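First comes the structure, then the notes that go with it.
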Amino acid sequence: MQSALQAYLQQTGVQVAYPTADAGAVRSTAVTGDFTPRDGLSRLLAGTGLTYRFTGANSATLGKATSAIMLGPVRVGGTARSTGGDAQSAYGPGVGFVATRSASATRTDTPLIETPKTVYVVTRQQMDDLQPLSIGAALRYTPGVVSTTANDSTPSASLFQPVHQRGFESYTFVDGLLNGTSVSDPFFLDRIEALSGPSSVMYGQANPGGLINMTLKRPTEKAQGQANVGFGNYGRYEGQVDFSGPLNKSGTLLYRLIGVGITQGSQIAYNHYKRVAAQGDIEWKIDKKTDLTIIGQFSYDPETLDPWIGVPAYGSLIKGSSGRLPVSRYYGDPSFNYNWNREYMVEAIFHHEFTRDLQFNSTARFDAQSNAGCGLWLNNVDRTTETITRSAFCNSSIKGRSSQMTANLSYKLKTGPVSHSFLVGVDYRSQWSDGYWGFDFATVPDASILHPVYGQYTFSDYNNYRQGKSTWAKYAYWQDGIYFQDQIKWRRFYVNLSGRQDWNGYGDLFNRPFTWNAGINYVSSIGLAPYFNYAKSFMPQIGKVYSNGSVRQPDPLNGHQWEVGLKYQIPNTQSLFTAAYYDLAENNVLVNNPEFPQYSREVGQVRSKGVELSAHANLAQGLDLIVNYTWNRVYNARTNLTDQTIGGETVSLMGKRLAQQPTSAASGFLDYRFPRALAPGLSVNFGVRYQGQSWADQANSFRNPSYVLFDTGFNWEVGQLFKSTKGLNIRLSMTNLANKTYVQCSSSNLCFYGDKRIAYGTVGYRF
């Protein structure tokens, strides 16, 4: 270890002090690659049983690592705190493919092995290897997550992402607050976390399947920077910059500037995408116990991909008379395709430690968005004439605003042999949006499935039909919440008890839901941790319900889940293995009232049962691995809805499976860095993804077939071979390497071809 630390000093200029008794007999494997001094030291110590603490910009001390079963420091989440240079902080980028701590489930920096709930983390290195353009693409190797559009290369800033967790659509959060307009390009993030199961007790409204929480990049204490130029097929070109470091000699002011510019085409004809986005951070360390971070973001998409158009099942999933439709087929009209989006956000993060055991944290955010778009929708297919009917839709002057804040106090104390970490906090959220929209169901020409003709429908046709009139609509939502939590430790047992009272209004609806969570796990001395968890969720909904002679607003959706699982963390290694079985249900799903069709009835329930297996491990120096498996069954447990099969028969949806939710899925991803003597600075990666069959319509009358996809890539730190080019980096990634054609349908009229082979490379310089 001493010789390794000497080499580390020569390369980084960081002096490391260590007790000889702790480090004298410890062996460390070599570290190759381009890392920050903190990440390099973290990798150097992996598997040694030692940990580090930076005492200055160029000095650090070593000591024995605390056991994996010790409570971590209580840094309150929802406020993505500074990592203090610790890559394995709950807010840090992780090490390799492994993150061992998280704040998403508890809003405190807690080891995952001690958290009685399922949390999957996508680390910064995993994103670097995958080079995803969207959050959905970054989650490709995450169990329980399904991309329902099949094409996940389109970025989105929506609070909904095109992914489902355990069968339910996912909300996205940024730094613990609901994502209204935050830039969600993966380049702006340090980590992405998929929190599975009901999570309303910490976040308010959310679907029972889980949520996605993203952590924005933060200023660094040491000056660093990178600039990348990217290129790929479909005419993709991209520029990226990321600069960070101190603004003064004392290091009390830190900054970070991030920017991207993207232009690209698509495998679908007449579809293009352009984007510019920027983020600026300022962190002020007011004193040793107080710091404030201000983050600002702006993005503008002058042109986006058509979000509404797809292809019919006939000719894509189901072969037509002339074979299969080309992947590039576009059933919209270039003369009626217009989409743009603009958004900005300001966020403030504050932290103060009154004492070591008493801390205050808060995050506040204001964001705004404006957008407009026009396009065509597919309706019904006529197989005899091989045509498809279409309708037109436009929205204009859409504007949205939201203000959010969360603040909490944490306090640690011991009552005899029992340790408590108390948390009490408040949430506030106010959202509104308004704009104009309209349809044309009558005058849009039918499209030939085999030979569509463009230029048949224009904005003039739409305006003539609407006679210049549009419908104005406004959406408004507010939520106030109080939450509390007690994380209890007794010997090797960890208990989490939490509850939340909300007051929320949605349109004319007012609710006072109460949600709670209870979990327990036991962490053995060998790293095995069985656990049990029960949690509830809520989601407000609009509409009218007729019951017992009166009309009222519907109750919010409410879900509940019990989960049992086992986690395993091999002592003194960077690894985490998880196995979970869950049973969840969502109640108050609105269904048709057969006696009064203009109203609804609250008699619907959707059930989801499944198993998730996951392994994240840095197996050896330079060898990182992810392996996952998911089995999931999502079905209508109580409903009076009916639907038509692809053959036109009307059937009950009772017991039917949800469309586009595969029963089985599996994936594996491996990254290997060659030894310096063999191939200096070179690493390669390879991945395989399997998605099983799923139903292609709600009536369960035809299926989406299973498919297997392969991904690969490499990264070369050129400076490892040629010293004069230190900092130069070349990276290439390819998804769907075999260029497989596959399609996913949610009805006979709406299907999407999956991404064909996407090749993307960058040439970058880091300093």
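Predicted, not measured: the structure shown is a model, and the values here were computed from it. Residue indices begin at 1 and follow the sequence shown.
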Would you say [X] and [Y] make side-chain contact, with heavy atoms under 4.5 Å?
{"X": "Thr100", "Y": "Leu576", "value": "no"}
{"X": "Leu177", "Y": "Thr406", "value": "yes"}
{"X": "Met202", "Y": "Leu211", "value": "no"}
{"X": "Leu195", "Y": "Tyr203", "value": "yes"}
{"X": "Pro513", "Y": "Asn504", "value": "yes"}
{"X": "Trp472", "Y": "Ser470", "value": "no"}
{"X": "Ile113", "Y": "Tyr531", "value": "no"}
{"X": "Val589", "Y": "Leu557", "value": "yes"}

Using only atom types and a distance under 3.5 Å, with no angle test, would you say the side chain of [X] pairs donor to acceptor with the backbone of [Y]?
{"X": "Asn207", "Y": "Tyr171", "result": "no"}
{"X": "Arg512", "Y": "Gln501", "result": "no"}
{"X": "Asp287", "Y": "Thr290", "result": "yes"}
{"X": "Asn248", "Y": "Leu253", "result": "yes"}
{"X": "Gln661", "Y": "Asn632", "result": "no"}
{"X": "Lys117", "Y": "Gly519", "result": "no"}
{"X": "Asn361", "Y": "His351", "result": "no"}
{"X": "Asp357", "Y": "Tyr411", "result": "no"}
{"X": "Arg124", "Y": "Leu189", "result": "yes"}
{"X": "Gln479", "Y": "Gln205", "result": "yes"}

>> The test is side chain to side chain contact (heavy atoms under 4.5 Å, CB included); show your working for Leu247 and Ile282 and say whether it passes.
In response: CA-CA 9 Å; Leu247 286 172; Ile282 293 291; 3.8 Å; yes

>> Check this for me: does any side-chain nitrogen of one of Asp434 and Lys399 sit under 4.0 Å from a carboxylate oxygen of the other?
In response: no

>> I'd like to know if Arg365 pairs up with Glu347 as an ion pair, taking the criterion as any Lys NZ or Arg NE/NH1/NH2 lying under 4.0 Å from an Asp or Glu carboxylate oxygen.
In response: yes

Gap separating the [atom1] atom of [X] from the [atom2] atom of [Y], nearest 0.5 angstrom:
{"X": "Leu413", "Y": "Leu358", "atom1": "CG", "atom2": "CG", "answer": "11.0 Å"}
{"X": "Asn408", "Y": "Arg107", "atom1": "CG", "atom2": "CZ", "answer": "6.5 Å"}
{"X": "Trp516", "Y": "Leu497", "atom1": "CH2", "atom2": "CG", "answer": "9.5 Å"}
{"X": "His560", "Y": "Ser537", "atom1": "NE2", "atom2": "OG", "answer": "9.0 Å"}
{"X": "Asn533", "Y": "Asn521", "atom1": "CG", "atom2": "CG", "answer": "10.0 Å"}
{"X": "Asn511", "Y": "Asn558", "atom1": "CG", "atom2": "CG", "answer": "10.5 Å"}

Compare every heavy atom of [Y] with every heavy atom of [X], then report the nearest pair and how far apart it is.
{"X": "Ala535", "Y": "Asn517", "answer": "CB-OD1, 3.2 Å"}
{"X": "Gln660", "Y": "Ser746", "answer": "OE1-CB, 3.2 Å"}
{"X": "Leu423", "Y": "Thr108", "answer": "CD2-CG2, 4.3 Å"}
{"X": "Tyr483", "Y": "Ala407", "answer": "OH-O, 4.0 Å"}
{"X": "Gly167", "Y": "Leu658", "answer": "O-CD2, 3.9 Å"}
{"X": "Arg191", "Y": "Ser89", "answer": "NH2-O, 3.1 Å"}

> Stepwise, does the side chain to side chain contact (heavy atoms under 4.5 Å, CB included) test hold for Asn395 with Asn371?
Replying inline: CA-CA 8 Å; Asn395 59 33; Asn371 63 76; 4.2 Å; yes

> Taking the six-membered ring of Phe187, is the NZ or CZ of Lys217 close enough (under 6.0 Å from the centre) and on axis enough (within 45°)?
Replying inline: yes

>> Does the structure place the NZ or CZ of Arg166 under 6.0 Å from the centre of the six-membered ring of Tyr582, at an angle of no more than 45° from the ring's axis?
In response: yes

> In a check of salt bridge (Lys or Arg N to Asp or Glu O under 4.0 Å) between Arg218 and each of Asp190, Asp242, Asp175, which one passes?
Replying inline: Asp175

> Can Val241 and Leu257 be said to form a side chain to side chain contact (heavy atoms under 4.5 Å, CB included), step by step?
Replying inline: CA-CA 8 Å; Val241 293; Leu257 294 174; over 6 Å; no

>> Just to verify, what does Trp562 make a ring-ring contact (aromatic ring centres under 6.0 Å, His included) with, not counting sequence neighbours?
In response: Tyr581

>> Test of understanding: with salt bridge (charged side-chain N to carboxylate O under 4.0 Å, His left out), list the residues that count as partners of Arg500, not counting sequence neighbours.
In response: Asp427, Asp502

> For Asp301, which residues count as a salt bridge (charged side-chain N to carboxylate O under 4.0 Å, His left out) partner, sequence neighbours excluded?
Replying inline: Arg275

>> Does Gln224 form a side chain to side chain contact (heavy atoms under 4.5 Å, CB included) with Lys222? I'd like the steps, not just the answer.
In response: CA-CA 6 Å; Gln224 63 181 49; Lys222 185 177 178 62; 5.6 Å; no

>> Does the plane of the ring in Phe354 sit parallel, tilted or perpendicular to the ring in His352? Use 30° and 60° as the thresholds.
In response: perpendicular

> Counting only heavy atoms not in Phe243, do more than 12 fall under 6.0 Å of its CZ?
Replying inline: yes

> Would you say the side chains of Gln369 and Asp367 form a donor-acceptor pair under 3.5 Å?
Replying inline: no

>> Which residue in the set Glu193, Glu612, His616 passes side-chain hydrogen bond (donor to acceptor under 3.5 Å, both in side chains) when paired with Tyr120?
In response: Glu612

